[in-house]
Visitor: 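Below is one structure. I have some questions about it.
For clarity, every value in this text was computed on a predicted model and none was experimentally measured.
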Amino acid sequence: MSVVEQYARAHIVTDADLAIAEPEAVPVVLRYDPDTDPRAVRVGLPGPHEWTFQRELLEQGLRAPVEAGDVRVWPCGRVQAVVEFHSAQGVSVVQFESKALLRFLRRTYTATPVRS
């Protein structure tokens with residue numbers, strides 16, 4: 001199977017939908033499907049909240065602050081990273097352990113599209 005799906009624990013802080021703001025870590029789905037778009041990753045937050053953005057943005061954001069469109073990524077200390085999503089409804093800030101994102105990225109680079 002070429003699709004990479006990984007669950008990670010993350011802290012969500014948002015002004016967009018206070019129903020998903022959680023003081024405790026919540027499960028977040030990281031997804032990569034090279035058959036759909038080999039350059040994109042998806043982050044699924046609790047509820048119907050899902051964001052798609054360039055995999056390269058996530059990778060670069062683990063080393064230094066970067067942004068593209070409505071998504072910003074930056075390292076936060078030595079062991080965490082922040083992904084910030086902007087929409088007309090507000091801003092959602094998601095804080096991950098960097099190790100989880102690195103593990104996910106490594107898995108995406110070993111995934112290959114299904115050949116028909």
Visitor: Is there side-chain contact between V29 and E5, with heavy atoms separated by less than 4.5 Å?
Guide: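 A side-chain contact exists here, since the closest heavy-atom pair is under 4.5 Å.
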Visitor: What are the two closest heavy atoms between V73 and G61, and how far apart are they?
Guide: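 Nearest pair, atom of V73 first, then G61: CG1-CA, 3.6 Å.
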Visitor: A side-chain contact here means heavy atoms from C-beta on lying under 4.5 Å apart; do Y32 and P38 qualify?
Guide: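 Yes, at least one pair of side-chain atoms sits under 4.5 Å.
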Visitor: In Å, rounded to the nearest 0.5 Å, how long is the span from CZ of R31 to CZ of F104?
Guide: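 It comes to 9.5 Å.
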Visitor: I want to check something: taking the side chain as every heavy atom from C-beta on, are V41 and T52 in contact at a cut-off of under 4.5 Å?
Guide: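 When only atoms from C-beta onward are counted, T52 and V41 do not touch, as no gap falls below 4.5 Å.
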Visitor: Tell me whether the count of non-hydrogen atoms from other residues, nucleotides or ligands lying under 6.0 Å of CD in Q6 goes above 12.
Guide: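 Atom CD in Q6 is packed in, count exceeds 12.
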Visitor: Does R42 make a cation-pi contact with F53, if we ask for NZ or CZ under 6.0 Å from the ring centre and within 45° of the axis?
Guide: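 Because its charged atom misses either the 6.0 Å distance or the 45° angle limit, R42 does not stack over F53.
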Visitor: Rounded to the nearest 0.5 Å, what separation is found between the OG atom of S98 and the CZ atom of R78?
Guide: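 S98 OG to R78 CZ: 11.5 Å, rounded to 0.5 Å.
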Visitor: With rounding to the nearest 0.5 Å, note down the distance linking CZ in R9 to CD in Q95.
Guide: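 It comes to 14.0 Å.
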Visitor: For R39, does the CZ atom sit with more than 12 other heavy atoms under 6.0 Å from it, leaving out its own atoms?
Guide: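 For R39, atom CZ is not crowded (no more than 12 foreign heavy atoms under 6.0 Å).
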Visitor: Supply the atom-to-atom distance L105 CG to L30 CG, rounded to the nearest 0.5 angstrom.
Guide: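 Nearest 0.5 Å value for the CG-CG distance: 8.5 Å.
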Visitor: Would you say the side chain of I12 lies within less than 4.5 Å of the side chain of V93, judging by non-hydrogen atoms?
Guide: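 Side chain of V93 against side chain of I12, heavy atoms only: no contact under 4.5 Å found.
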Visitor: Could you tell me which non-hydrogen atom of A111 sits nearest to which non-hydrogen atom of V4, and how far apart they are?
Guide: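 Result for this residue pair: CB-CG2, 3.7 Å.
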Visitor: Output the distance between atom OG (S2) and atom CG (D35), rounded to the nearest 0.5 Å.
Guide: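 S2 OG to D35 CG: 4.0 Å, rounded to 0.5 Å.
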Visitor: Is E84 close to S92 at the side-chain level, that is, under 4.5 Å between some pair of heavy atoms?
Guide: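 S92 vs E84: side chains apart.
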Visitor: Decide yes or no for V94 and H11: does some side-chain heavy atom of the first lie under 4.5 Å from some side-chain heavy atom of the second?
Guide: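 Side chain of V94 against side chain of H11, heavy atoms only: no contact under 4.5 Å found.
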Visitor: Rounded to the nearest 0.5 Å, what separates atom CD in Q60 from atom CZ in R55?
Guide: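 Output value for this atom pair is 12.0 Å.
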Visitor: So, D70 and S87: side-chain donor and acceptor under 3.5 Å apart, yes or no?
Guide: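 No - no donor-acceptor pair under 3.5 Å links their side chains.
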Visitor: Check G44 against V28 and note the closest heavy-atom contact, atom names and distance.
Guide: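 Shortest heavy-atom separation between G44 and V28 comes out as O-CG1, 3.3 Å.
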Visitor: Do Q80 and P75 come close enough that some side-chain heavy atom pair is under 4.5 Å?
Guide: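 A side-chain contact is absent here, since even the closest heavy-atom pair is not under 4.5 Å.
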Visitor: Within a strict 4.5 Å, meaning less than it, do heavy atoms of the R72 and W74 side chains meet?
Guide: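 R72 vs W74: side chains touch.
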Visitor: Among V82, V43, L102, exactly one meets side-chain contact (heavy atoms from CB on, under 4.5 Å) together with F96. Which residue is that?
Guide: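 Of all the options given, the one that passes is V43.
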